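Indexing begins at 1, ligand by ligand and atom by atom, following the structure's order. Everything quoted here is computed from the prediction, not taken from an experiment.
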Amino acid sequence: MKPRRFDYVRPDSADEAVAVLAEYGDAASVLAGGQSLMAMLNLRVAEPAVLIDIARLTELDYVRIAGDQVEVGAAVTQTRLKDWPELADQLPLLAAVLPFVGHFQTRNKGTVCGSIAHADPSSEIPLSLATLGGEVVLRSQRGTRVLAASEFQRGMLTTAREPDELITAARFPILATKRVAFREVARRHGDFAIIAVAACVKGGSAVTVGIGGVADRPAVRNATINSAAAAKEMFEQLAGELEGYDDIHASARLRRDLLRRVGPVVVEEALRCAA
Ligand SMILES: Cc1cc2nc3c(=O)[nH]c(=O)nc-3n(C[C@H](O)[C@H](O)[C@H](O)COP(=O)(O)OP(=O)(O)OC[C@H]3O[C@@H](n4cnc5c(N)ncnc54)[C@H](O)[C@@H]3O)c2cc1C
């Protein structure tokens, strides 16, 4: 199928993008890398009157350390973050995760913030943001607000973004340790995850676990895990709590089963990492 007709705007600044959003509201769509939006346009799942192309806004094309966070502007592609020389030191979880996000061709166009805006429950980048306890920066003509990842993603492809708001950046907290691990199960490398598990050890045996693909948004839990049996028990409980869902890729039951098997392995891997 082909998209319905739409107007195309390429603003020269974030302020201009925000002004067009204020004018059109939910009749406008922000176009970042287009890796999800173009398919939605072609399938007529999205039928905006106007596309606001922010991909070449240089003011949003930055990765910078700001205090104890790494701030990633909305025009930064997944490849640019993956190739950031400080990634492994500052954001080891993202270094582990980004190779699993699609393929190098999609990463060359797809943006970090576009993935967060799209809010697919299987997506690795929103999962990482939620696991690390990161934030999303939203700007409109009404002002700027910063939402915790847990407040931002509300459900399957649903966020707290208002129609007149532009996501200008995502902020990923810098961990004091490199004790992280990530694994996903997908039909092929580069496909969306059926389930994904991330773990960060925040000191001793205090672990934060993030789970993607099992609920309608990333599920994050903190726990003290000091034995393999404790890890197994935690994921047994989580599998019951999160229930899972059926789609063309997997049944809810398979998702729960994968979580029980993969979860403890990821936690043990993170606990084994040297700080
Ligand atoms: C073959 C293929 C395989 C893929 N595999 C994976 C995978 O394994 N894992 C994964 O996570 N993703 C995968 N993707 C999706 C890819 O990562 C996309 O890049 C991502 O979902 C969206 O980023 P984008 O920059 O392309 O956003 P777009 O497609 O341009 O936009 C997506 C949505 O977010 C909105 N949006 C984007 N930026 C902003 C902003 N700054 N402010 C407000 N709204 C905004 C758009 O309006 C739209 O609704 C795959 C895509 C393809 C084509």
Side-chain angles (χ1 to χ4, degrees), residues 3 6 8-11 14 17-18 20-22 24-43 45-57 59-61 71-82 94 97-130 136-140 144-145 147 152-153 156-170 182 184-196 198 212-213 217-218 249:
F6 53 81
Y8 172 84
V9 178
R10 210 175 96 202
V18 162
V20 183
L21 275 173
Y24 286 88
D26 56 13
S29 283
V30 175
L31 173 66
Q35 296 304 294
S36 298
L37 184 57
M38 295 314 289
M40 294 197 296
L41 293 177
N42 286 338
L43 294 168
V45 176
E47 297 182 324
V50 57
L51 281 192
I52 307 169
D53 185 351
I54 61 155
R56 280 168 280 191
L57 280 183
E59 75 182 275
L60 299 180
D61 190 11
E71 187 169 296
V72 179
V76 174
T77 63
Q78 295 150 13
T79 293
R80 175 137 140 63
L81 183 61
K82 183 171 172 290
L94 269 294
V97 157
L98 284 168
F100 290 92
V101 180
H103 311 270
F104 75 86
Q105 296 93 334
T106 62
R107 291 193 295 266
N108 284 345
K109 295 290 285 181
T111 60
V112 172
C113 290
S115 177
I116 292 163
H118 190 55
D120 189 305
S122 291
S123 279
E124 297 86 354
I125 296 172
L127 170 64
S128 307
L129 190 75
V136 180
V137 185
L138 297 137
R139 194 196 301 177
S140 70
T144 297
R145 61 183 182 135
L147 292 183
F152 178 75
Q153 191 160 345
M156 176 109 40
L157 309 185
T158 307
T159 72
R161 186 183 84 89
E162 296 292 341
D164 64 341
E165 287 181 312
L166 177 71
I167 297 171
T168 55
F182 173 78
E184 70 175 37
V185 179
R187 285 181 171 255
R188 293 164 303 192
H189 183 85
D191 280 6
F192 277 94
I194 293 173
I195 69 136
R217 71 198 84 171
H249 304 295

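Distances from ligand 1 to the non-hydrogen atoms of Leu166 include at least one value under 4.0 Å. Taking 4.0 Å as the cut-off, Asp120 does not count as a neighbour of ligand 1 on heavy-atom distance.
Residue Val30 touches ligand 1 through backbone and side chain together, judged by heavy-atom distances below 4.0 Å. Counting heavy atoms closer than 4.0 Å to ligand 1, residue Ser36 contributes atoms from both its backbone and its side chain.
Short contacts between ligand 1 and Thr106, defined as distances under 4.0 Å to a heavy atom of the residue, involve ligand atoms 1 (C), 2 (C), 52 (C), 53 (C). When each atom of ligand 1 is checked for a heavy atom of Ile54 under 4.0 Å away, the hits are 41 (N). Annotation for ligand 1: atoms under 4.0 Å from non-hydrogen atoms of Ala74 are 41 (N).
Using a distance-only test at 3.5 Å, with no hydrogens or angles considered, no donor-acceptor pair links the side chain of Arg161 to the main chain of Phe152. A distance-only check finds a donor-acceptor pair linking the side chain of His189 to the backbone of Pro99 [under 3.5 Å]. In this structure a side-chain-to-backbone donor-acceptor pair under 3.5 Å is missing from Ser128 to Pro126.
Comparing Ala117, Ser115, Gly102 by heavy-atom distance to atom 8 (O) of ligand 1, the nearest is Gly102. Closest heavy-atom approach to atom 41 (N) of ligand 1 among the candidates Thr77, Ile167, Val136: Ile167. With distances taken over non-hydrogen atoms, the option nearest atom 43 (C) of ligand 1 out of His118, Glu124, Arg161 is Arg161. Considering Gln35, Met40, Glu165, Gln78 only, the shortest heavy-atom separation from atom 17 (O) of ligand 1 involves Gln78.
Scanning the protein for heavy atoms near atom 31 (O) of ligand 1, the closest one is Leu37 CB, 3.9 Å. Considering only non-hydrogen protein atoms, atom 14 (N) of ligand 1 sits nearest to Phe192 CZ, 3.5 Å.
Shown here is Arg10, whose CZ atom has no more than 12 heavy atoms of other residues, nucleotides or ligands within 6.0 Å.
Checking only distances, Leu31 never comes within under 3.5 Å of ligand 1, N or O to N or O.
Under the side-chain contact (heavy atoms from CB on, under 4.5 Å) test applied with Leu31, the options Leu41, Leu51, Ile52, Ile54 reduce to a single match, Leu51.
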